[in-house]
Participant: 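Let me give you the structure first, and then I'll get to my questions.
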Amino acid sequence: MTELLQQLVNGLAQGGIYALIALGYTMVYGVLRFINFAHGDIFMLGAFAGFYLGPAALRLSGAHPSYGIAAAVLLASMLICAVLGIVIERLCYRPLRDRPRIVVLITAIGVSLLLENGGQLVFGADPRSFPELVADRALEMPAWGPISALTITLSQVIALAVALLLLLVLWRLVNHTRTGLAMRALSLNPIAAQLVGVNLDRVIAFTFGLGSALAGAAGIIASIQQPSIDPLMGIGAGLKAFVAAVVGGIGNLRAPCWAAWSSVCWRRSLSVIFRRPTATRLCSAC
């Protein structure tokens with residue numbers, strides 16, 4: 001029972017990362033009706049932005065790891081990824097907007113391969129150790145039955161809290177601002193949206209920037225949890241987030257988040273329930 005609860009806790013912390021990436025897929029599909037397969041690589045670039053910004057922030061502030069430094073690195077990485085997303089949309093996707101969707105799809109795959117191989121060329125193919133932005137530690141658990149045996153780290157709490165906060169901000173932005181209204185109008189009927197004065201290019205660029213910023217934030221909180229990054233880390237995370245977006249209903253903002261959390265928790269729970277006894281003995285011996 002304790003191990004099952006532990007895996008559920010781990011799944012909640014990890015599911016928030018996939019939810020942030022999945023929202024980038026679903027927002028771009030909502031306004032352009034195509035899948036941006038380079039989105040997972042923006043997640044990787046966000047992690048590497050934090051890799052270079054973290055030590056610089058620690059040196060400039062002359063301080064030890066703290067929440068303030070982590071927040072500053074998070075916001076700066078989100079800004080960098082947002083700019084990259086807008087640049088990618090302007091250079092790669094906007095000229096192909098009137099072309100067949102298969103052309104745009106192939107271009108998205110090409111951009112993904114360019115970022116992955118370019119990342120290996122610039123950053124190196126070896127895994128890098130992410131700087132310590134927050135002093136991670138295990139939290140003290142109350143003596144309530146199986147809960148007392150759980151191991152919940154500060155990084156897991158931060159990951160879940162940041163993911164929920166960003167999801168709340170996104171929900172407010174989409175549903176209670178004029179920009180969000182323009183995004184929803186463009187998703188429902190692009191022609192009618194342009195007739196009532198919606199700037200198509202501006203809304204699409206903003207959507208790419210917003211989705212990329214969320215992917216960059218996911219890269220930072222994932223690296224805080226598991227401080228080992230490499231240029232190919234976006235492949236697996238991007239595919240899992242894409243599956244969550246499709247299962248939840250791509251084009252919908254709320255369902256992919258629940259799909260991301262439930263899929264991770266379900267997978268981790270099944271790994272405990274259906275684990276073979278031999279595998280248990282081998283792990284115990286290790």
Side-chain angles (χ1 to χ4, degrees), residues 6-24 39-82 84 119 123 126-141 150-170 211-238 240-241 244 257 260-261 264-265 268:
Q6 181 67 59
Q7 292 300 328
L8 290 175
V9 170
N10 297 341
L12 287 175
Q14 191 177 18
I17 298 170
Y18 296 143
L20 292 176
I21 305 174
L23 284 174
H39 190 64
D41 300 296
I42 300 294
F43 163 82
M44 174 270 295
L45 293 175
F48 273 96
F51 174 79
Y52 289 104
L53 291 173
L58 291 172
R59 286 195 303 269
L60 290 175
S61 63
H64 297 290
S66 63
Y67 298 116
I69 292 177
V73 172
L74 175 69
L75 293 175
S77 299
M78 290 176 66
L79 179 61
I80 292 173
C81 289
L84 287 173
F123 306 130
D126 296 330
R128 302 288 192 93
S129 179
F130 195 78
E132 186 181 27
L133 302 178
V134 178
D136 197 13
R137 58 183 175 84
L139 303 178
E140 294 184 4
M141 302 302 299
L150 295 179
T151 301
I152 301 178
T153 62
L154 184 61
S155 63
Q156 290 178 319
V157 176
I158 292 174
L160 183 59
V162 171
L164 290 175
L165 177 62
L166 292 176
L167 293 177
L168 178 61
V169 171
L170 177 66
S212 299
L214 293 178
I220 295 296
I221 60 178
S223 302
I224 291 177
Q225 273 192 275
Q226 299 175 351
S228 178
I229 62 175
D230 65 86
L232 301 181
M233 64 183 291
I235 298 176
K240 292 174 183 176
C257 299
W261 266 303
V264 176
C265 292
R268 287 181 171 271

Participant: Do Ser77 and Leu53 come within less than 4.5 Å of each other through their side chains, counting heavy atoms only?
Facilitator: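 Yes, their side chains come closer than 4.5 Å.
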Participant: My understanding is that only residues two or more places apart in sequence, or in another chain, count here; which of them pass side-chain contact (heavy atoms from CB on, under 4.5 Å) with Ala57?
Facilitator: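 For Ala57 the side-chain contact (heavy atoms from CB on, under 4.5 Å) partners, ignoring immediate neighbours, are Ile69, Val73.
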Participant: Scan residues 40-59 for pairs that pass side-chain hydrogen bond (donor to acceptor under 3.5 Å, both in side chains), counting only residues two or more places apart or in two chains.
Facilitator: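 Every pair satisfying side-chain hydrogen bond (donor to acceptor under 3.5 Å, both in side chains) with a residue in residues 40-59: Asp41-Ser112.
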Participant: Measure the OG-CE distance between Ser212 and Met78 for me, rounded to the nearest 0.5 Å.
Facilitator: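 So the gap between those two atoms works out to 10.5 Å.
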Participant: Taking side-chain contact (heavy atoms from CB on, under 4.5 Å) as the test, write out the residues that go with Ala70, two or more places apart.
Facilitator: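 With neighbours one apart ignored, the set is Leu133, Val134.
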Participant: Report all side-chain donor-acceptor pairs from residues 155-170 shorter than 3.5 Å, counting only partners two or more places apart or in another chain.
Facilitator:
from, atom 1, to, atom 2, distance (Å)
Ser155, OG, Asp136, OD2, 3.0
Ser155, OG, Thr153, OG1, 3.1
Gln156, OE1, Thr153, N, 3.1
Gln156, NE2, Asn10, OD1, 2.7

Participant: Would you name the heavy atoms of Gly11 and Cys265 that are closest together and state the gap between them?
Facilitator: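 Heavy atoms only, the tightest pair is C-SG, 3.7 Å.
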Participant: Could you pull out all donor-acceptor pairs under 3.5 Å where a side-chain atom in residues 221-238 meets a protein atom, sequence neighbours excluded?
Facilitator:
from, atom 1, to, atom 2, distance (Å)
Ser223, OG, Gly219, O, 2.7
Asp230, OD1, Leu232, N, 2.9
Asp230, OD1, Met233, N, 3.2

Participant: Atom CD1 of Ile42 and atom SG of Cys81: how far apart are they, to the nearest 0.5 Å?
Facilitator: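 Rounded to the nearest 0.5 Å, the CD1-SG separation comes to 6.0 Å.
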Participant: Would you name the heavy atoms of Gly50 and Pro55 that are closest together and state the gap between them?
Facilitator: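 Heavy atoms of Gly50 and Pro55 come nearest at O-CD, 4.2 Å.
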Participant: Mind checking the CZ-CD1 spacing from Phe48 to Ile80? Nearest 0.5 Å is all I need.
Facilitator: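 Result: 13.5 Å between the selected atoms.
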Participant: Can you tell me how far CZ of Phe43 sits from CG of Leu20, rounded to the nearest 0.5 angstrom?
Facilitator: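 Here the interatomic distance stands at 10.0 Å.
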Participant: Nearest 0.5 angstrom please: Leu79 CG to Leu84 CG, how far?
Facilitator: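 Rounded to the nearest 0.5 Å, the CG-CG separation comes out at 9.5 Å.
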Participant: What is the minimum heavy-atom distance between Trp261 and Gly16, and which atoms define it?
Facilitator: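 That would be NE1-N, 3.2 Å.
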